[in-house]
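In what follows, every chain begins at residue 1, and chains take the letters A, B, ... in the order their sequences are listed. Everything quoted here is computed from the prediction, not taken from an experiment. As a basis for the values below, the full set of heavy atoms in this structure was taken, side chains included, without hydrogen atoms, waters or symmetry mates.
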Amino acid sequence: QKEVEQDPGPLSVPEGAIVSLNCTYSNSAFQYFMWYRQYSRKGPELLMYTYSSGNKEDGRFTAQVDKSSKYISLFIRDSQPSDSATYLCAMSAGNAGGTSYGKLTFGQGTILTVHP
Amino acid sequence: SQTIHQWPATLVQPVGSPLSLECTVEGTSNPNLYWYRQAAGRGLQLLFYSVGIGQISSEVPQNLSASRPQDRQFILSSKKLLLSDSGFYLCAWSPPPGGRRYEQYFGPGTRLTVT
């Protein structure tokens, strides 16, 4: 079993839809959670960073973390064609993972297409 | 603001040839540096990380090596490339201890094709 599971999709939605992207994980030591957006043939771009459980909102993006269920989500409101990309979740146990550098464990990525 | 550069952007190399990929970071000091490989349809695989000059840790045994000759320079090398070395190579940095070091910021990547 992988430490982080993410449905690769692809996911196709019409412009203006609410998009829900999800990851589940098995390591209860994870406490830092990130979402990256990666356009085709580009490096990943950090979208959201969340510590522990709760919600965080930034414009059209909302990140949710439910540590009791080991489940994180990214919601995109009023989706735009420019949101078409691969979305990667990433997690770190921080110092609790036994490292000082903050090793990240990534999901496989979900391919999202928003069509006009 | 911080900027991360990688070069070359694209590389086609024959099997058995050497490799040198370079990564530099601007606008920060003493960053943690990382090399990842991303194969098609797969997630990111951490290859090496460095917490300081000359300090390199390997995550995956392979025919690749890394060096950090300067604080903000990270180099990925190979003496003899294999077909399986093809992929998208990404360099990343994160703030040193005291900063939000669990956030990693990626460069534009180098697409390597070994023929």
From CG (B:L90) to NZ (A:K42), nearest 0.5 Å | 12.0 Å

Common cluster, A:Y87/A:Y71, ILVMFWY with side-chain heavy-atom separation under 4.5 Å | no

Got a donor-acceptor contact below 3.5 angstrom from the A:Y36 side chain to the B:F106 backbone?
-> no

Of all of A:G43, A:P44, A:G107, A:A90, which one pairs up most often with chain B through heavy atoms under 4.5 Å apart?
-> A:P44

Rounded distance [0.5 Å steps], CZ in A:R41 versus OG1 in B:T10 | 6.5 Å

ILVMFWY cluster, B:L44 and B:I4 together (side-chain gap under 4.5 Å) | yes

Establish whether B:F48 and B:Y105 are linked, either directly or via other cluster members, by ILVMFWY side-chain heavy-atom contacts under 4.5 Å.
-> yes

Proximity breakdown for B:Q38 and chain A, heavy-atom pairs closer than 4.5 Å | side chain

Mind checking whether A:I72 and A:F61 sit in one hydrophobic cluster, side chains of I, L, V, M, F, W, Y counted as touching below 4.5 Å?
-> yes

d(B:Y49 OH, A:K103 NZ) to nearest 0.5 Å is 8.5 Å

Going hydrophobic residue to hydrophobic residue with side-chain gaps under 4.5 angstrom, can you get from A:V114 over to A:I111?
-> no

Region of A:E45 in contact with chain B, defined by heavy-atom distances below 4.5 Å | neither

Does B:Q104 reach the side chain of A:L46, with side-chain heavy atoms less than 4.5 Å apart?
-> no

